[in-house]
Each structure stands twice: as structure tokens, then as C-alpha cells.
Asks: 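Quick one: structure below, then a few questions.
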Amino acid sequence: MTGINFKEIEEKWQRKWEESKIFDAEIEKGKKKKFFLTVPYPYTSGPLHIGHGRTYTIGDMIARFKRLQGYNVLFPMAFHVTGTPILAIADSIAKGEKEVVERYRNYVSIYEDGEKVESIVNSFGNAENVANFFAERISEDFKRMGYSIDWRRRFNTTEPMYNKFIEWQFKKLYDKGVIKKGKYPIAFSIEEDSAVGEDDIEEGDINKVSIIEYTTIKFELSNDTYLIAATLRPETIFGVTNLWINPAARYVKVKVGKEIWIVSVEAAEKLGYQREEAELLEEEEVEGGFFVGKKVKEPVGGREISVLPASFVDEDVGTGVVYSVPAHAPYDYIALEDLRLEIAPIKIIDIEGYELPAKEICERMGIESQEDERLEEATQIIYKDEFYRGVLNEKCGEFAGIEIAAIKDEVKNWLKGKNVADVFYETSRKAVTRGGGKVIVAVLQDQWFIDYTPSWWKDRGHKLVEEMTFYPEKYKAYMQDIIDWLALRPCARKRGLGTRFPFEKEWIIESLSDSTIYMALYTIAHLLRQLPAEALDEKLFDYVFLGIGDAEELAKKVDADILKRIREEFEYWYPNDLRHTAPPHLSNHLVFFLMHHAAIFLENQWPKAISLNELMIREGRKMSKSKGNVIPLAKVSELYGVDLYRLYCAINADFASVVNWREQDVDALRRKFNALVGLFEQSMGVEKLKENEFTHMDRWLLSKFYRKLKESIERFETFRIREVGLNMVFNLMNDIKYYEYRESEERRRRIVRNIMADWLIILSPIVPHICEEMWHRSREEKGGRREERRLKFISLQTLPEIKEALIDDRVEREEEYLVSLIEDIKEIMKIARITPSKIYIYTAEKWKWEIFRAIKDLPDKDKIKEAMKLRKDKSTVDFVKQMMKNLPSKKTMEEHILYFELKEEEVLEREREYLMREFGCEIGINEEYDPKGKKKFAIPLKPAIYVEG
RNA sequence: GCGGGGGUAGCCGAGCAUGGACAAAGGCGCAGGACUUAAGAUCCUGUUCCGCAGGGAUACGAGGGUUCGAAUCCCUCCCCCCGCACCA
């Protein structure tokens, strides 16, 4: 066991890295190629957990690997503060909402002692304090995780410098003509009189609330007075037989333009938030029962239909009026059955497998009452079937013969064109805010958008993606699709933290739109700070980022040297060589990141690559605060050790798979990791083996090591970090174990010494602290000047050269040969239940080798014929048959030609001692004695064996 | 329904592009053994079935096909996951 105090060495090396500023990236022109890596900045509304940590950790591994490859690496970090959640939290805490206060007490106590917690949480009534507190803690967490970040460039998204930068970004977009204004539906709280997001809604994080567009259809009751039914299936209007109304619900009149609409009280209120012209008439409310039995005119065919009562109609969904299509809607069918009215369903959709879909599904499922909950499910089934497979029939006029999926929108537009249909929005489920206020859909009349539809923009986006690399590759095609789908996107809201919208100051730029090109800011953030915020105007950014404008002109306002440096830094570091994040960002953040670069920056500043790793779950379940199963990143060091966590992230899954954080597996890995560290420790103060001392086994281990090292470097380049970890930890340790078995513990200590430096280097991106420690310990022994040692961090090394000469196929084949021979002998001993007194091994005779060489490249069917030409004897046929059965194909033979050149007898003689030790008996090699006639079964590379009991 | 990804031993998970040493890496679990007063850790062995000679049979979602040979290539089908779409 190792006596290492991991926590201590983590802290020691983190401190030394920081003191030596080795991760502060400076321009090094000419000497090294640069590599600029970014991972999205964290949102500072609370502590990060180990799931978030995966992405940052992998980002750091890449940064460290690139340094080893000789790149001048910039890996910066900042903090995301803009948006509504932090503000909402601050508001809740200011109001003293118990649940939120309690949650934040817990969060804060991750970091602080009991006494301070209260005052800190109290300070969270101010949003800025929330953001600052967590930004500070998260940056400490990141340092504690050993991330090789250049912290000088840190910023947050509400500081003036950032605001100026975002203003510039929006001016650029505005100039391109893609910033537009229009109507837009949003989730809205009446009580709080404001838009609400996922974080404001009760259980909004678990059960998302989306906005559903209903179509309202007017059924004329009398002149200009209509009952307004809402539907999700406007194409079924051709099959309407009656209206449904809830007799117990209350209805009112709303004046919309010149018309009077009758809807439920709830719907009237919603209409008020959705249509500017809707005006509630000051008349009394009427019970739904009032309308029962009245006749209305359906708008397509002008038929008179009845208003009927139905309990399933919910006054708080849609308009509280529903039109009935009993042929295709299970609810309608059942409700009519309940009323025992003779209303014939009108079938308007032809679909294979059904005559009257609604009737049949109800019968099949045994649904008999409109209170039956399975009606929902029946509706789903019918909807799905009809939507994808159904075709409108001859009752649908010009739309006949077309499948629903293709015609739905056209029918809707046609109805709107006839002025019988309108849009009504509803939430996808009933929802309330965390404060208990009802959530409805409101339509903003003058929402600001980014319009992603112009073809010049999409073309540039596609081109940009085409020229990029994605890891894993499959996401490239997916990203192209996302660009095609992208249309209008709201980019400002009335609430939240952030940059004021430059064209209308009461709007705040929305938080996904203000985090699209900020990577550019990293290149210059530390320098920009030296300028006053007022100086950061459009002209300055134009010059720095786009090279537009006159430096001399600008120098009148800002320091010319600083300006020059700023421009240089940007030109040096940009573009962003790799953005590493997680797949859920593809359809939002990443596509904006790419599109905004495509719109604003010159082509040579476009991003080069994106890599993505999947998320992390714990014990097979998603991590979430509501499940209470999150482990804060801040606790990693204490609970597991940072290097162990990092190793787990590297090894448990490849990028494309979810990491499952299982304590059992973590424990298993800990044992492995400790054993690894033990191997290094046991080789401290031990002499390397010199080349003239090398035995077969030494060469074998060196060959195994350098082969694995070579493969690992290749794999790291394409971010197959899992394979690197498995190779360089698990597989290599197994090799060493085998080596020790073959040789001795003592010799193992020495051979590990031969490979230790190179081994530590390749492991250092994954487990940097222990590697740094072992690296220094192994140097310390040798003396050397202190100063020199201080500078020689393993983090600053370059990848070891692959000692190709040590990769020795022959040596490896010899050992494989021996292993398989031993397996065969053991197999025989087991099957025959013999304890051997002597084991006889017979290698293939010379003539067999000759025939083998002569025919190995021939197709199987010619082999015997050819062999017989060379040696006319029945034993030749037996041998060739035996050989064909046992030896691999032509192709693999070529790959392993060396294997077949193996001098079997030599190897056996050399290993006679080992074989004797292994079996505890005499070994006879190619002796004449052959009582059971085994010798004739020998083929090249597969000796015959006789075990004597 | 469309797009994407999958289905491999008790479980997790590699292999599949370039078919052949594949009864299938590695890990976990389980069983036996060594060590130990004991537990743990560690190490060894085993973990489809049959076999007193290194072998054979059956196997990689199901079924067909191509091939001397298929986990790997082709076709059909089934199932799972994600995104989209969509659900009075």
C-alpha cells in the first residue's frame, strides 16, 4: 500500500503551478504553434457537481496533452452571470422564501463554516452577491481539480467590459439586418406580471412547460357572435357533428374587433394577454348550461349543429369550448355514447386498419365512460396513427387524398384565410410559478429576434461547419441539420441580468445570445482591463477583431502600445482551435456559437473543432438536486482524491457514452490506482537496467511499453482518452505483473525505472498531481540544482520520443508462443488428470516447415496437391490437414510473418528452466522418446506434447 | 413517422470501418485456492455445454443471404435510447 497523502500533494502542486505561473499563456511567435481551447463558462447560480466536472476535466486533459505535444496552449475560464435564474434566486431570498433559503444554506455550507453561512445567505438578496460568491467558489473548485487555466483572463458577463463587447456584437448583427421585431408567445405569470422561465416554474426543471399552439374556430351563434372552439386538429373540422361545452363552467363575451367571442372566463383572461384588440365586455358570466341545446353554424359547410354538454371539457384548457369529431376523437365518441344521442359520426380520414377509428379504439380498450383516464391514451394512439398514416377523404374538398402530416398546416392556413380560424396559445400542462401564481401564455407584441433564416447566413454556417472537425464525427452532419432548422430566436427579454439591448434600452440581451462569441474576449480580456470602459466602443472592437479602421485614429483615445498588443493577442490566439462541451448544447449554444462566428468574423477566425462528451450519472440514475444525489465538485478532493476522479472520468466511458459514477467501481479503480502509485514508489532509488543487462523479458516489457505508448499518443490526438487510460494503466500493469512473475520483484523495480519517466509523462494529462510528485521524487534522488528542478515541471515536458528500436515483434511473438504452449500443456494436464513426471515437447520437423513455407500462401484447396508434389507420403496429407485446421488465414499470416520465422527449439531451450519451474518436472525437448506417437502431430508453431504421468 | 445511436457472456463494456489466431479484451460480480488468528487488501484459478491429450458442439436481438470462413458484409423483421415532430 502507498502511504501517500494525496490531498497534500494535490495542494502542493497546485500551489507550485500557480506560483510559477506556468499556465499563464503568452504569445510565443515562431517558437511554438498555438492551441486555444475553450470549455463553456459555468453559470454561477450554485455549486457545480461531479457531473459538470466531467466536461471541464476532459477539457483540462486535452489542454495538458496539447502542451505535451509542444503547443503553446491557452485554456481560459470565465463566469456566466446573465439571465433570469440568479435574479429569481435573489428575489426569492429577499422575500425569504423558505425552500430557496434552505437550498442556499446547503450550498453555502459546502464551502463555509456554520457561523458564516447565515450572513452569506442573507447577502444573497442581492443578485450580484450570489454571482460573486459562486464565481469565487467555482474558481477555487477548478483550481482544486488541478485545471491548467490561465486565470488572468477571467471575467464575468455583467461587467462593463463584457457589456461593451456584447453591444458591439449586436451592432454587427444589426448591420447585417438580422435583428428584428415581432410577435412572440411566452410563458407568463399574471400574478407577477412578467415572463417566466423554467427556473421560475414549479417543477419546471423536471417537467418542462412548453407552449402549444391551438387553432380556434368560430361557430356562429347569431350575427357576429360566435362560440369559439379550440383544437389541436383543425383538419378534423370537416367531420364536426356538434359542439361540447361544460355545463358547470362559466362563460363570458369578449369583443375582438367587431366580433363577439364566447369563451370560458379563464380563456377570456388569456385572450387579453394574447391579443391586443381583445376586450372583455362588462357583462355577466353565464353558465355553460345556458348554451346547451342551442344551434350554431359550422363554418366550412354551413351546417347547423347542436351545442351539447360534456364533463370532460375543461374551462381552463383552450377556450372551454370543444368541437366534436366522434369519428376520430375517442372523447367525442364516448361522450355521445353517454348521451345516447343518435348523431352519426362523419368519417373524414381514411386509414388502414380502421373503419371508425374512435369507436374501434374505445371498443378495443374497453373504454365506456368519458371519465375513463385511458381516453387520453386512446387519443394519443389515434392521433399518432392518423397523423402519420391517415389521408383526408372526399369530404374534405380540395384537401382530399393527402396525408394529414403533409396537409395539417395548409388546412389551418386555409381556415385562417377564410377568417374562421385564429391562433390561441396554451401551456403544455397546467403550471404555477414557484410563488404559486398561475402560468399562462402571453403574446409579446414587440419581441426582438435574431433571424437566422437569411440564406447568406445559412450558407456561411454550412461552410464553416464543413471546414470544421467534430469529435465524435457524427455530430457534424447533425449540426448541419440544426442550422437548416434554425429560424427565429428571441434574443432579448424584459427581465434578468445582462447587457442592455443597444437599440431599445429597456430590453436586456438574453443569456444564450450573449454567450456566442465570447471566446474572442479571452484573448484580450486581461489587456482590455487596462482601458477605461468608455474607450471600448464599436470602432475599437472593429479594429481589434476585424482589422477595420485606423490604429492612429484610435490611438488618440487609447494607449497605442496597449492597443497594438491587444490586436496582436487576438490575432495570435484566434481562432478557437477547440471548443469542448456536451451534446445537449448542440441545438442551442453551439449552433449560435457557430452562426455568430459565421456572421461576424472573417473566415480565418472561424472555430476549428468541437469535441463533445456525454454526461455523467450516478449509480445508474440521473443526478439532480431534486433527487438529492449530487456530489459537489468541491468535495471530490476530500471524498475521492482529484487524480482518482480524473482517472475515473478518463477510463469509465468514452466521450460518446455516459459515465456512470458507481462507488463500487470507484473503489475498484482506487485499488488499481494505488497499486500504480505503489509501482512508482517501489522504483524510487533503484538503478535502471542497462542495455547490456537486458534479458528476453526485459526486451519484452520494453516492447510492450513502447508499443502501448505509441498507440496511446495516436489515440490521445483524436481524444480517445479512454483507450489511453486503459492501455497505460490496466493493460500495462497486467504486463508488469506478468513480467514480475517471469522475472522477479527486484528486477521489476528496476525495469519500471527504465520506463518511468515516459510513463509519467503520458499519464500526466490524466492524473497530473501524482505524476508531478513522482516526477520530482525520481529526479530529486539524483541531485541536480534546485533551481533547475523547480522549473522542470512534468506539466511542461514534451511527449517522449518513441523508441521504435525497442518495439520488438519477435520478442513479443516468442512470449506469445510460450504462453500458448503452457496453456496447451495445462489443458492436457487438466483433461487427462495427470500430474506430470516429465513433459516432452516436440517441435515440427524440418520438412514440415519447408512445406509450410511453400504452401502457406496458396488457397486452401490447392495446398494438399502442392504439398504432395514436394513430399509424396501419407503423413504429408495428415500434416497439411492438421495445419489448415490450426493456423490462421493468409492475411493474418502476412501480418505476423515474424511470428512464423520463430526459432522454436531455441526459444524452448532458453526457457527450459522456466518451464521446469512452472510444471515442477523435467522437460524433454525434441527427445527421441515418444511412446504414444505424439511427435507426428507437431506443426510449425504448435509443438506436439506428451505428458508422462 | 423522420433523423441519429444502439441490442455482444450474470452485469458494465470493447470488437464490427479493413471477415480469418474470437468462446470473444478489460472491468464488476460470483465460486474455489494461496496468504492471514480473522476480516480486508493482494495474488492465482475458474465462470456456455461436453470431453481421461491440447478437441468438439452451441453462441454475439430474430430470421434469411454472400463466403472456404460472419459478432464483423448484405436483406428483412423485432426491441431500446436520444432529438425532431406531435398529443382537445
Side-chain angles (χ1 to χ4, degrees), chain A residues 1 210 212-215 229-234 236 244 310 312-314 317-325 329-332 375-377 379-389 403-405 408 426 428 472 474-475 477-478 481-482 485 583-584 586-587 614 620 651-654 656-658 660 662 664-665 667-672 674-675 678 722-723 725-727 729-731 734 737 740-741 816 820-834 859-861 884-893 895-896 899 932 934 937 941-947 949:
Chain A
M1 270 316 68
S210 51
I212 304 281
E213 183 184 319
Y214 283 73
T215 301
T231 182
L232 286 162
R233 303 185 61 184
T236 59
W244 295 117
F312 73 82
V313 174
D314 184 337
V317 174
T319 54
V321 182
V322 177
Y323 72 77
S324 168
V325 189
Y331 273 107
D332 300 340
L375 269 174
E376 196 54 47
E377 188 190 337
T379 303
Q380 301 269 354
I381 294 170
I382 290 296
Y383 181 86
K384 221 168 191 169
D385 278 358
E386 291 187 340
F387 184 79
Y388 294 115
R389 291 168 35 223
E403 52 198 52
I404 310 294
K408 190 179 183 96
E426 188 61 272
S428 57
K474 62 176 176 178
Y475 288 119
Y478 183 48
D481 289 344
I482 294 170
W485 296 333
L586 280 160
S587 60
E614 274 293 347
I651 282 181
N652 184 268
D654 57 32
S657 312
V658 172
N660 188 3
R662 290 170 68 196
Q664 193 185 52
D665 292 350
D667 283 339
L669 187 67
R670 176 184 292 117
R671 281 180 239 129
K672 208 59 161 182
N674 287 343
R722 176 169 193 255
E723 293 171 39
L726 291 176
N727 229 357
V729 178
F730 283 73
N731 296 341
N734 285 344
K737 205 161 33 178
E740 184 175 322
Y741 179 69
E816 278 170 28
S820 88
L821 176 65
I822 289 171
E823 267 172 19
D824 281 351
I825 296 172
K826 283 186 175 164
E827 174 89 353
I828 292 167
M829 284 164 55
K830 195 180 113 193
I831 304 279
R833 294 174 198 150
I834 299 171
D860 280 0
K861 58 180 163 45
M884 287 195 289
K885 205 167 69 182
N886 280 293
L887 292 181
S889 69
K890 182 166 174 276
K891 201 190 120 202
T892 42
M893 283 203 285
E895 275 173 20
H896 298 298
Y899 192 19
K932 292 277 168 75
K934 297 291 180 192
F937 295 121
L941 304 171
K942 199 166 168 61
I945 298 161
Y946 172 60
V947 181

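Labels below follow one simple rule: chain letters A, B, ... track the order of the sequence lines, proteins then strands, and each chain is numbered from 1.
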Asks: Can you check the A:R833 CZ to B:rC52 C1' distance for me, whole Å?
Replies: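 Distance, rounded to whole Å: 6 Å.
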Asks: Name the nucleic acid region contacted by A:A944, choosing base, sugar-phosphate or nothing; use a 4.0 angstrom heavy-atom cut-off, strictly under.
Replies: base
Asks: For A:K672, what residues pass the salt bridge (Lys or Arg N to Asp or Glu O under 4.0 Å) criterion, not counting sequence neighbours?
Replies: none
Asks: A:D481: what forms a salt bridge (Lys or Arg N to Asp or Glu O under 4.0 Å) with it, not counting sequence neighbours?
Replies: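 Result, salt bridge (Lys or Arg N to Asp or Glu O under 4.0 Å) vs A:D481: none returned.
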Asks: Apply side chain to side chain donor-acceptor pair (under 3.5 Å) to A:D314 and list each qualifying residue two or more places apart in sequence or on a separate chain.
Replies: A:K430
Asks: Can you sort out the partners of A:V322 under side-chain contact (heavy atoms from CB on, under 4.5 Å), two or more places apart, ordered by chain and number?
Replies: A:W244, A:V313
Asks: Considering residues at least two apart in sequence or located in another chain, which fulfil the salt bridge (Lys or Arg N to Asp or Glu O under 4.0 Å) criterion with A:E723?
Replies: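 Per chain and number, A:E723 pairs via salt bridge (Lys or Arg N to Asp or Glu O under 4.0 Å) with A:R715, A:R720.
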Asks: Please tabulate the protein-to-nucleotide N/O contacts below 3.5 Å involving nucleotides 80-83 of chain B, giving atom names and distances.
Replies:
unit_1	atom_1	unit_2	atom_2	d
B:rG83	O2'	A:Y478	OH	3.1

Asks: What integer number of Å spans the C1' atoms of B:rC49 and B:rG1?
Replies: 45 Å
Asks: Does A:A230 have any side-chain contact (heavy atoms from CB on, under 4.5 Å) partners at least two apart in sequence or in another chain, and if so, which?
Replies: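 A:Y214, A:T216, A:T319.
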Asks: If you measure from the P atom in B:rU48 to the same atom in B:rC60, how many Å do you get, rounded?
Replies: 15 Å
Asks: With 3.5 Å as the limit, what N/O pairs link the protein to nucleotides 47-49 of chain B?
Replies:
none

Asks: Residues two or more places apart in sequence or in another chain: which of them pass salt bridge (Lys or Arg N to Asp or Glu O under 4.0 Å) with A:K826?
Replies: A:E918
Asks: Tell me every residue that passes side-chain contact (heavy atoms from CB on, under 4.5 Å) with A:R722, counting only those two or more places apart in sequence or in another chain.
Replies: A:D654, A:L726
Asks: Provide, to the nearest angstrom, the distance between the NZ atom belonging to A:K932 and the C1' atom belonging to B:rG54.
Replies: 15 Å
Asks: With sequence neighbours left out, what residues match A:E823 under side-chain contact (heavy atoms from CB on, under 4.5 Å)?
Replies: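 Partners of A:E823 by the side-chain contact (heavy atoms from CB on, under 4.5 Å) criterion, ordered by chain and then number, come out as A:V819.
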Asks: Please state the P separation for the pair B:rG55 and B:rC75 - nearest whole angstrom.
Replies: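 36 Å, rounded to whole Å.
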Asks: Between protein and nucleotides 23-32 of chain B, what N or O pairs are separated by less than 3.5 Å?
Replies:
unit_1	atom_1	unit_2	atom_2	d
B:rC28	O2'	A:Q664	OE1	2.8

